[in-house]
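Worksheet for the structure shown next.
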2 protein chains.
Amino acid sequence: MDDGSGPGDPAAAGSRSRDAGMTDSSSVAPAFDTKLYADGITFEGEDATLLRAIDDAGSLNAAVETLGRSYSRAHKRLSRLEEAFGSLVVSQRGGTGGGGSALTDRGRALLTRFERLRSGLSGVTEVAETVLPGEVIARTGEIATVETAAGRLRALAPPDAPAMFVTIRADTVTLQDADAAPPAAETSARNRFHGTVRGVEHGESVVTVTVDIGADRPLVALITDRSSDMLDLEPGAAVVTSFKTTATRATPRNPRE
Amino acid sequence: MDDGSGPGDPAAAGSRSRDAGMTDSSSVAPAFDTKLYADGITFEGEDATLLRAIDDAGSLNAAVETLGRSYSRAHKRLSRLEEAFGSLVVSQRGGTGGGGSALTDRGRALLTRFERLRSGLSGVTEVAETVLPGEVIARTGEIATVETAAGRLRALAPPDAPAMFVTIRADTVTLQDADAAPPAAETSARNRFHGTVRGVEHGESVVTVTVDIGADRPLVALITDRSSDMLDLEPGAAVVTSFKTTATRATPRNPRE
DNA sequence: GAGCGTTGTTCCGCCATAGACACAACGGGG
DNA sequence: CCCCGTTGTGTCTATGGCGGAACAACGCTC
């Protein structure tokens, strides 16, 4: 089951135009399936909803009823999952109400583990990012130095590709006051660019700031409104942007992209 | 197709013990499927490998031959994909060698977009993280203040859950010299904890540092060896750890976990 | 002891998916 | 002009997954 766009419809992730697809390149939305692998099978979205339904309903029968699935299949699936993941549900046959099923601690833990992973993955698809084209000019191990329009930066990069896209997640970008910017030496070395604020877009309690750093596309930073107030950000303001190299990733690109 | 563990076998992501599954809770490995959604269908891992094979082989026929798939199915799949994503391949019927197929710029761009997404998602499953249990004590919009064993921190959190797990990705944690730690006011406000280095594990050009910050589990930070040298990190050293609240996510947990 | 609703297990059949196969169209090369 | 290998299209078939149904076992309640 697709759970790549948070709860509900995968189409909800990006605003798409229904008509085209031919011309509008922005109509393709990133998505993903969350999985937990063990021993040979993977615990997926459908399995998570099944466990949740059992937890709610108190019986496998009632669970598959509400989900519109078949009992036999769900039971088999549960058996296979328990071979790999251990006991997930305890079932009583006979007794009050005819019996029932309930999640074990392990089953409940697996469910929260799944949700935790899903939350982390959803960050990749939901958070804005800026991608800068560049060329690798040096490399030490898994870290490459990439020359971009904004300047040189260091990022995790796969080997053997001279042309790269560097993608910088907005939630990893830190903004600092341009005047009081501390010297780079006394913190963990980081990618650091001076820029001027282009736009400030307020969310509920979070602010998306676009900063011109000399590239053709601005750097996007996601910070709390509290931070935004402290730095009193407004268009035209000078800021220092910084982001860790271990948090930015480069991927190969076609040289003429 | 499963691509949640990088290229190849999904089992490669975590070292698992083949025998159990019953007792070893760490034998479950996170994984994912990368998807690009457009108009009604999703471009998935299989589609990506098909496009790559076409790009390599120069013809759809040779591509499906090397992949062991059927021509008819691959052709139909391509047609459906192109309805949603636009022209992905150009094909010539007849001519030298009987004809052939090649990727369009759009097709190649879709491929790199897919790979870029996959790279970002793989960061979630590959990078170490520390998860701290805690209780929500305040909330403003999508940001919650969570009380943990290490102290209070702020994180993105779903509504309506008092008990939370806060997960902090190692690549979002910044280390600073404890002596020269700048005041928190002049940067974007961040979660900040004093701690002492417990372990330093060297990778190829990257260092994993575990820092005791007062919780029962240490905070894990992933920094470059260059940064590690500058801070001259070693067990027992005092450091200041900091991480952005927009980069840390909280997920509901069972109160007794 | 009968009734009830659940678990646990098996078997059957439907249907969607994918491979296998066939065949026309195409266009350069020998 | 024929040959070739590819594209493009349709059809047949096998397989796997899933729903549906049937039935025994179970244990509390009445």
Side-chain angles (χ1 to χ4, degrees), chain A residues 1-2 33 35 40-104 107, chain B residues 1-2 33 35 40-104 107:
Chain A
M1 175 171 290
D2 194 309
D33 276 358
K35 300 190 170 187
I41 78 173
T42 59
F43 182 88
E44 315 196 5
E46 285 179 346
D47 304 315
T49 63
L50 177 61
L51 285 197
R52 282 191 212 101
I54 293 174
D55 198 26
D56 291 343
S59 81
L60 178 55
N61 237 305
V64 298
E65 175 69 18
T66 65
L67 295 180
R69 290 196 241 172
S70 74
Y71 178 91
S72 60
R73 197 67 196 168
H75 187 270
K76 272 184 189 170
R77 179 67 181 172
L78 265 184
S79 300
R80 282 199 56 192
L81 286 174
E82 289 191 319
E83 287 178 11
F85 292 91
S87 173
L88 302 178
V89 299
V90 283
S91 299
Q92 185 194 354
R93 178 160 64 172
T96 309
S101 299
L103 297 193
T104 64
Chain B
M1 175 170 288
D2 193 312
D33 276 359
K35 300 189 170 188
I41 78 173
T42 59
F43 182 89
E44 315 195 5
E46 285 180 345
D47 304 315
T49 63
L50 177 60
L51 285 197
R52 282 191 213 102
I54 292 175
D55 198 26
D56 291 344
S59 81
L60 177 55
N61 235 307
V64 299
E65 175 69 17
T66 65
L67 294 180
R69 290 196 241 172
S70 73
Y71 178 91
S72 60
R73 198 64 197 170
H75 187 271
K76 273 183 188 170
R77 179 66 180 172
L78 265 184
S79 299
R80 282 198 56 193
L81 286 174
E82 289 192 319
E83 286 178 13
F85 291 92
S87 173
L88 302 178
V89 299
V90 283
S91 299
Q92 185 195 353
R93 177 159 64 171
T96 308
S101 298
L103 296 194
T104 64

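Quick note on labels: first sequence line is chain A, next is B, and so on, each numbered from 1. As the structure is a computational prediction, the values presented were derived from the model and not from experiment.
- Closest to the side chain of A:Arg69, from the set D:dT29, C:dT7, D:dG19, is D:dG19.
- Contact annotation: the side chain of A:Arg77 never approaches that of A:Glu46 to less than 4.5 Å [non-hydrogen atoms, C-beta and beyond].
- Close to D:dT7, at under 4.0 Å from its OP1 or OP2, lies a side-chain N or O of B:Asn61.
- Taking side-chain N and O atoms only, A:Ser91 has a distance below 4.0 Å to OP1 or OP2 of C:dG8.
- Where B:Lys76 and B:Ala62 each meet DNA chain D at their nearest nucleotide, the meeting point lying more 5' is that of B:Ala62.
- Without hydrogens or angle criteria, B:Glu82 side chain to B:Val89 main chain gives a donor-acceptor distance under 3.5 Å.
- Of the listed residues (A:Thr49, A:Asn61, A:Leu67, A:Leu78), just one forms a side chain to side chain contact (heavy atoms under 4.5 Å, CB included) with A:Ile54, and that residue is A:Leu78.
- Residue A:Ser79 is classed as having no contact, given no heavy-atom separation below 4.0 Å to the nucleic acid.
- Going from atom OH of B:Tyr71 over to atom P of D:dG5 covers 15 Å, rounded to whole Å.
- Atom P of nucleotide C:dT7 and atom CG of A:Leu50 are separated by 11 Å, given to the nearest angstrom.
- You'll find that the side chain of B:Arg93 is closest to D:dG8, out of C:dG19, C:dG8, D:dG8.
- One interatomic measurement links the two molecules: CD of B:Glu82 to C1' of D:dT7, which rounds to 13 Å at whole-angstrom precision.
- Put simply, CZ on A:Arg77 is 19 Å from P on C:dT7, counting in whole angstrom units.
- One donor-acceptor pair, N or O on each side, does fall under 3.5 Å between the base of D:dG20 and the side chain of A:Ser72.
- Note on A:Gly97: only backbone sugar-phosphate atoms sit closer than 4.0 angstrom, heavy atoms only; bases stay farther off.
- The two residues A:Ala63 and A:Ala57 make their nearest non-hydrogen contact at N-CB, 3.9 Å.
- Summarising the geometry, the separation between CZ on B:Arg80 and P on C:dT17 is reported as 8 Å, rounded to the nearest angstrom.
- Residue A:Gln92 contributes atom CD, which lies 18 Å from atom P of D:dA25 at whole-angstrom precision.
- The phosphate of D:dG19 has OP1 or OP2 within less than 4.0 Å of a side-chain N or O from A:Ser70.
- One can place CD1 of B:Ile41 at 18 Å from P of C:dA16, the figure rounded to the nearest angstrom.
- Residue A:Arg73 has a polar side-chain atom (N or O) positioned under 4.0 Å from OP1 or OP2 of D:dC18.
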* Asked: Can you check side chain to side chain contact (heavy atoms under 4.5 Å, CB included) on A:Val64 and A:Leu60, steps first, answer last?
  -> CA-CA 6 Å; A:Val64 298; A:Leu60 178 55; 3.9 Å; yes

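- For the pair A:Leu78 CG and C:dT9 C1', the computed distance is 15 Å after rounding to whole Å.
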